[in-house]
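The basis for the numbers below is simple: all heavy atoms, side chains too, and nothing from hydrogens, waters or symmetry mates. For ligands, and for the atoms within them, numbers begin at 1 and follow the listed sequence.
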Amino acid sequence: MTAPHKTLCPYCGVGCGLEVVPQSRNPEASPETQRWQTRGDRAHPSSQGMVCVKGATVAESIDQDRLLYPMLRESLDAPFERVSWDVALDAITHRIREVIDTLGPDGVCMYGSGQFQTEDYYVAQKLIKGCLGTNNFDANSRLCMSSAVSGYLQSLGSDGPPCCYADLDLTDCAFLIGTNTAECHPIVFNRLRKHHKRNPHIKLIVVDPRCTETAQVADLHLAIRPGTDITLLNGIGHLLLTWGALDRGFIDQSTQGFQDYREVLRHYAPSIVAERCGIPETDLETAARTWAESQNVLSLWSMGLNQSSEGTAKVCSLINLHLLTGQIGKPGAGPFSLTGQPNAMGGREAGGLAHILPGYRLVKNPQHRQDIEQFWGLPEGRISPTRGLTVGEMIPALEHDQVGLLWIAATNPAVSLPDLNRTKAALQRSPFTVYQDAYYPTETAAYAHLLLPAAQWGEKTGTMTNSERTVTLCQAFRPPVGEARADWEIFAEVGRRLGFAEQFRFATSAEVHREFVQITQGRPCDMTGISHENLATRPIQWPCPSQGNPDTSPDKHNKRLYTDHRFHYPDGRARFMAYHEKGLAEPVDDRYPFVLTTGRLYGHWHTQTRTGRIAKIQKMHPQPFLEMHPRDAERLQLADQDWVEVKSARGMARLPLLVTKNICPGTLFVPMHWGALWAESAECNALTHPSACPISLQPELKACAVQVVPLSSSVQLDTLEKLGEAPPQRAAMVQRDPVESSRP
Ligand SMILES: Nc1nc2c(c(=O)[nH]1)N[C@H]1C(S)=C(S)[C@@H](COP(=O)(O)OP(=O)(O)OC[C@H]3O[C@@H](n4cnc5c(=O)[nH]c(N)nc54)[C@H](O)[C@@H]3O)O[C@H]1N2
Ligand SMILES: Nc1nc2c(c(=O)[nH]1)N[C@H]1C(S)=C(S)[C@@H](COP(=O)(O)OP(=O)(O)OC[C@H]3O[C@@H](n4cnc5c(=O)[nH]c(N)nc54)[C@H](O)[C@@H]3O)O[C@H]1N2
Ligand code: SF4
Ligand SMILES: [Mo]
């Protein structure tokens, strides 16, 4: 028996270690035909052998409907033709040169993903921000983590979650806000639940407009109205202040801005807060009392805070409570952003958003730009001083013909971006779109001129960083399918063809990584002590400087940031960033009286490119639905399973109703997983709007105003018939199989 291949689960930011072994039925098969299975890696410090259904089944999807060859077409209505890599790469370099000549470097846009490995991210930054000189690189993390990034930056002076998973076993109050941890970060939740069950005195508080699986086991569930988090958090702060439950020493020695914060808190008396949030005043008091009386408060959050038109303000309002009570930089405590994608963290480290540069640097900082230019051997002034277009801004840029080349990789924007009708029309306008993905078809392939087959999980070696700053080496265990290539290799080859031989001399991803970590030296995310070589023996958490004492030994796991209470501002003090609540960007009115919120289910991953192809998961979540409270259903004379049409000012979706008390009256929920290939008219983003937080520029995917009307029986029959036939995605695949159409 050969030793199992060690890698990381390619789904969520928990970052569970996996072992991959050949399926027992055919242990001697060739590398191309071998089937694989996964199991938890007991030696992985973050997950200790645990996995959820997604990690346990991921290997089942790796050979289904893969994009195998580069495919090119003249226009979006022409068929794809198989082309060689040489032709494909020439088409890109030719186009880039042409765009730079006509529109300038800012006519090139790349939209990447937290599903890149860090090496992919790094080489993409070097190509786009360094060699081409435009900061128009954004990632789907804009829809995901950017409010957490800007909140940490404003409050603590730098990005970087300060906590570690061991804190889940050490807290006596877990405050979960805007996170359905049980379904979306299951292994983090399991660990917390175990601790909670073993120690009945520890408190679990959940803040969510829905009674999710997470909320169902909470000691206290605050079912606030969507978008009222800042009011709630300031209301808790108000009570702590009133009771004198503060850490005076910490506030005096380690913070700034307390007076302004206190002034803001004055406006959040309990009766006002309870009324606005739609919760009993006694529940508000219980929550505040628990904060006041607990030794160690750990807060966890994700999209319920980040995906908001005041996402940064929500994050800062939460961190304020930690500063008020000194609940940071000690075991079992701190503000812990649960990262969404497997390498959202690595993207931040490598500078993978339109306003940042590698090593937690900022585009707007001249010294940071100069550091990177020198390091990359580029002339001074090459990196543009203006931040690039965010993905939200790429849409109007397409509408105004300011984009000459759009390069999309490892994300499926024709499902996941807000205001889909407008988004699709903008994509349709793009003069040249390159789409680099592992699967075909996906919804976005319909908008591409050039398809590039990407090697995916298991076919390329590289690193990813999870929520607790642990870097894991994801080892290849099989060759790429067809002619697929690693994302970083594609970017590097384009760089070389554009004349930057010196900058892209990498032969292996280990070399890319070696260069990347050097750029983190002396930065908050210093990883100079980490290499592919030492990661081959165990995952390593950062900060991990090579100077002095590289903390790579297993007993150095569970590192926390800010244990000395010195923060990343020049004066070493964290900042109280006080905000008043502004409310939802699109309030309800008589025409659109419901707030629609959107999110995830336990088994599915985003746009289903993998999980939709796994039978067990399909069975678990066979179809999309709309959650509605019984009181609302009764008022509209609707029953469970009835089909309805949901409409916003921008679009509509047709869904069967799930009548449940698990949602607040006036609020509706629809899962995000069903794009056009997987169901008829069930796209939640046909409804959502693109208004974003003015600081993080993250869109408010968690709330828009909608109306609900019963579906007429003829339309209903039509929709049902379509669902009853072959699953829609299968039909689409037969029509558009690139392998078929590429055969002579
Ligand atoms: N199973 C599964 N797991 C995943 C993923 C997946 O696709 N499937 N994706 C991963 C990724 S990329 C991400 S970003 C994470 C997301 O992880 P989560 O953020 O936990 O997931 P969501 O379901 O998007 O949203 C969380 C909750 O926010 C609540 N919410 C809505 N509006 C508000 C509000 O105004 N205030 C508050 N307090 N709560 C609100 C919703 O009711 C929902 O239950 O999951 C990761 N893990
Ligand atoms: N309404 C609403 N919309 C949302 C959200 C929400 O909560 N509500 N959540 C938002 C958030 S947080 C996120 S993270 C996004 C996620 O949205 P997307 O990023 O669009 O979702 P995925 O389905 O994960 O798309 C990843 C793609 O990468 C491909 N892929 C996998 N591995 C590789 C690889 O190694 N290389 C390449 N090149 N391709 C690869 C997959 O086949 C897939 O097509 O959705 C956002 N949209
Ligand atoms: S919890 Fe997340 S990382 Fe762990 S197995 Fe499940 S999806 Fe993968
Ligand atoms: Mo995400």
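Between the side chains of E443 and N412, a donor-acceptor pair is found at a separation under 3.5 Å. In summary, the side chains of N180 and E213 do not present any donor paired with an acceptor at a separation below 3.5 Å, with no hydrogens or angles considered.
The heavy atom nearest to atom 18 (P) of ligand 2, considering only D65, V415, T411, is found in T411. Of the candidates D229, T598, V14, the one placing a heavy atom closest to atom 34 (C) of ligand 1 is D229. The closest heavy-atom contact to atom 28 (O) of ligand 1, among the options P671, G304, G599, C144, comes from G304. Distances from atom 44 (O) of ligand 1 to the heavy atoms of D208, L232, V595 show the closest one on D208.
Ring pair Y152/W301: centre-to-centre distance below 6.0 Å.
Contacts of P418 with ligand 2, taken as heavy-atom pairs under 4.0 Å, are absent altogether. Under 4.0 Å from ligand 2, the heavy atoms of N685 that appear belong solely to its side chain. Counting heavy atoms under 4.0 Å from ligand 2, residue N412 touches it through both backbone and side chain.
At a 3.5 angstrom cut-off on N or O pairs, Q436 counts as close to ligand 2. Geometrically, ligand 2 and T688 share no nitrogen or oxygen pair separated by less than 3.5 Å.
Short contacts between ligand 2 and K460, defined as distances under 4.0 Å to a heavy atom of the residue, involve ligand atoms 35 (O).
The aromatic rings of W407 and F491 sit perpendicular to each other, their planes meeting at more than 60°, with 30° as the lower class boundary.
For the pair M145 and ligand 1, no heavy-atom separation below 4.0 Å is found.
C9 lies close to atom 8 (Fe) of ligand 3, since one of its N, O or S atoms is found at a distance under 2.8 Å. Atom 4 (Fe) of ligand 3 lies at 2.8 Å or more from every N, O or S atom belonging to C12.
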Verdict with reasoning, Q117 to W488, per side-chain contact (heavy atoms from CB on, under 4.5 Å): CA-CA 9 Å; Q117 293 177 338; W488 72 264; 5.5 Å; no

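Here the protein heavy atom with the shortest distance to atom 13 (C) of ligand 2 is R600 NH2, 3.7 Å.
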